[in-house]
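Structure, as structure tokens:
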Amino acid sequence: MAPLSSTKPDDPQVLVEEKKSARILTLNRPKQLNALSFQMNSQLLDLFIAYEEDSNVKLVILKGKGRAFCAGGDVSAVVRDISAGNWRLGANFFWKEFTLNYIMATYHKPQVSILNGIVMGGGAGVSIHGRFRVATENSVFAMPETALGLFPDVGASYYLSRLPGFFGEYVGLTGTRLDGAEMLACGLATHFVPSERLSLLEEALCKVDSSDPAIISAVIDEYSQQPYMKEQSAYHRLNVIDRCFSRRTVEEIISSLEKETLNKKDDWISATLQSLKGASPTSLKISLRSIRQGRLQGVGQCLVREYRMVCHVVQGKLSRDFFEGCRAILWDKDKNPKWEPSKLEFVSDRMVDSYFSKVDDEGWEDLKFPARSNLHVCAIAKL
């Protein structure tokens with residue numbers, strides 16, 4: 001028998017199981033840590049739309065095969081497409097992905113995402129917007145985009161800006177990793193279930209035969225527990241995070257972190273500063289502005305704005321940092337990207353403004369979503 005983690009090239013990238021009134025969707029690219037391909041985004045979008053209209057379906061469960069839920073969008077494939085001379089192929093990938101994020105954020109039926117493993121970038125996009133997010137002791141969450149010359153997208157400016165205090169700015173700018181206990185504490189996860197109880201939880205959910213969020217929540221509660229938060233967790237540092245990451249500019253954030261270390265040596269602050277100083281200066285500035293704007297916008301507005309931003313990134317006219325980040329981190333793996341501009345002070349407000357404007361390219365248009373019927377407030381107030 002072939003090992004569970006192996007997939008043949010012709011294996012379906014999303015496995016579908018029908019269990020009474022529940023549908024279980026399993027992301028099935030374990031060797032690629034279930035990175036989302038264009039094909040997976042398309043299939044998930046079709047399935048979610050079909051299930052919403054099917055009265056026999058009451059609940060959708062989403063999980064990943066292997067040691068990851070989903071490590072993000074398949075950016076290597078996106079960059080390969082763009083490098084072949086057509087940046088619009090990259091734009092199409094994000095159009096499909098962001099549309100899926102919007103459908104999930106406004107979904108009328110409960111989505112339960114089982115986050116047993118790595119949840120990064122696009123993996124957060126297909127789970128955090130859903131009603132229930134179940135973390136485990138194996139969960140590792142991160143939005144590592146600033147180290148890649150990108151920015152936290154997939155609606156991250158909506159959900160990061162709604163975390164306690166300025167924790168979202170900290171997570172989004174530094175790309176720091178959170179475990180399951182931290183995800184639960186800050187609201188990224190709704191429940192924490194030990195991995196050994198997941199099969200029992202899944203079995204119970206498949207018997208529910210209801211779309212009532214209160215009933216689904218009560219079922220998950222039966223298998224949930226309060227996890228232990230490790231002593232060195234950044235979540236215990238909320239007062240310092242709020243003091244520093246509430247600053248108006250990235251330069252001021254860094255400066256206030258440096259001031260904190262004048263009194264006493266602090267490994268956590270040193271690591272935070274190292275992350276910020278290694279990231280793309282352009283990415284840091286557009287990310288901070290994006291999260292700040294997200295605080296005042298609905299999820300749809302955030303995704304429309306992020307689509308503009310990502311189109312500028314993949315078009316590569318304003319900056320080539322995304323391509324350089326992919327080279328240094330994903331391909332050559334020298335972890336030594338040469339950012340351009342190389343310093344924060346060289347990234348002007350006008351340069352940042354450009355990312356938020358419409359893309360000047362013939363035929364380009366803003367992201368448009370499929371019409372949604374009866375869009376009530378509980379559909380979008382999931383965080």
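FYI, the numbering just counts along the sequence from 1. In this text, all values refer to a predicted model and were calculated from it rather than measured experimentally.
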> Hey, is K19 close enough to E202 for a salt bridge, meaning N to O under 4.0 Å?
Replying inline: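 Salt bridge: no.
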
>> Any carboxylate oxygen within less than 4.0 angstrom of a Lys/Arg side-chain nitrogen, looking at D179 and R177?
In response: no

Any donor-acceptor pair under 3.5 Å from [X] side chain to [Y] backbone:
X    : Y    : answer
S210 : D212 : yes
R243 : L238 : no
E306 : V154 : yes
N34  : G64  : no
Y158 : I291 : no
S342 : W339 : no
H236 : K230 : yes
K109 : V57  : yes

Regarding [X] and [Y], do their side chains bring together a donor and an acceptor under 3.5 Å, going by distance alone?
X    : Y    : value
E137 : S139 : no
D209 : S21  : yes
S287 : E145 : no
S195 : N116 : no
R133 : T190 : no

To check you understand the geometry: which heavy-atom pair defines the closest contact between [X] and [Y], and what is its length?
X    : Y    : answer
D242 : F167 : OD1-N, 4.3 Å
M120 : I118 : CG-CG2, 3.7 Å
R88  : D361 : NH2-OD2, 2.8 Å
P341 : F346 : CB-CB, 3.6 Å

Distance, nearest 0.5 Å, that separates [atom1] of [X] from [atom2] of [Y]:
X    : Y    : atom1 : atom2 : value
L89  : S83  : CG    : OG    : 11.0 Å
L284 : L173 : CG    : CG    : 6.0 Å
L318 : I286 : CG    : CD1   : 9.0 Å
L273 : L257 : CG    : CG    : 5.0 Å
L44  : L27  : CG    : CG    : 6.0 Å
L205 : I220 : CG    : CD1   : 5.5 Å

>> Exactly one of F94, F356, W95, F369 should register a ring-ring contact (aromatic ring centres under 6.0 Å, His included) with Y307. Which one does?
In response: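 It is W95; the other options fail the test.
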
Who pairs with [X] by side chain to side chain contact (heavy atoms under 4.5 Å, CB included), at least two apart in sequence or on another chain?
X    : result
D332 : R327, D334
A271 : none
T176 : Y170, V171, T174, L178
K317 : Q315

>> Among residues at least two apart in sequence or on other chains, which ones pass salt bridge (Lys or Arg N to Asp or Glu O under 4.0 Å) with K338?
In response: none

>> Once salt bridge (Lys or Arg N to Asp or Glu O under 4.0 Å) is applied, do any residues pair with R295, and if so which ones, sequence neighbours excluded?
In response: E169

Tell me, do [X] and [Y] make a side-chain contact under 4.5 Å, heavy atoms counted?
X    : Y    : result
R23  : I61  : no
Q232 : W268 : no
S113 : F132 : no

> Taking the six-membered ring of F323, is NZ or CZ of R320 closer than 6.0 Å to its centre and within 45° of its axis?
Replying inline: yes

> So which of K285, Q297, R305 actually passes side chain to side chain donor-acceptor pair (under 3.5 Å) with S290?
Replying inline: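 With S290 as partner, K285, Q297, R305 yield a single side chain to side chain donor-acceptor pair (under 3.5 Å), made by R305.
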
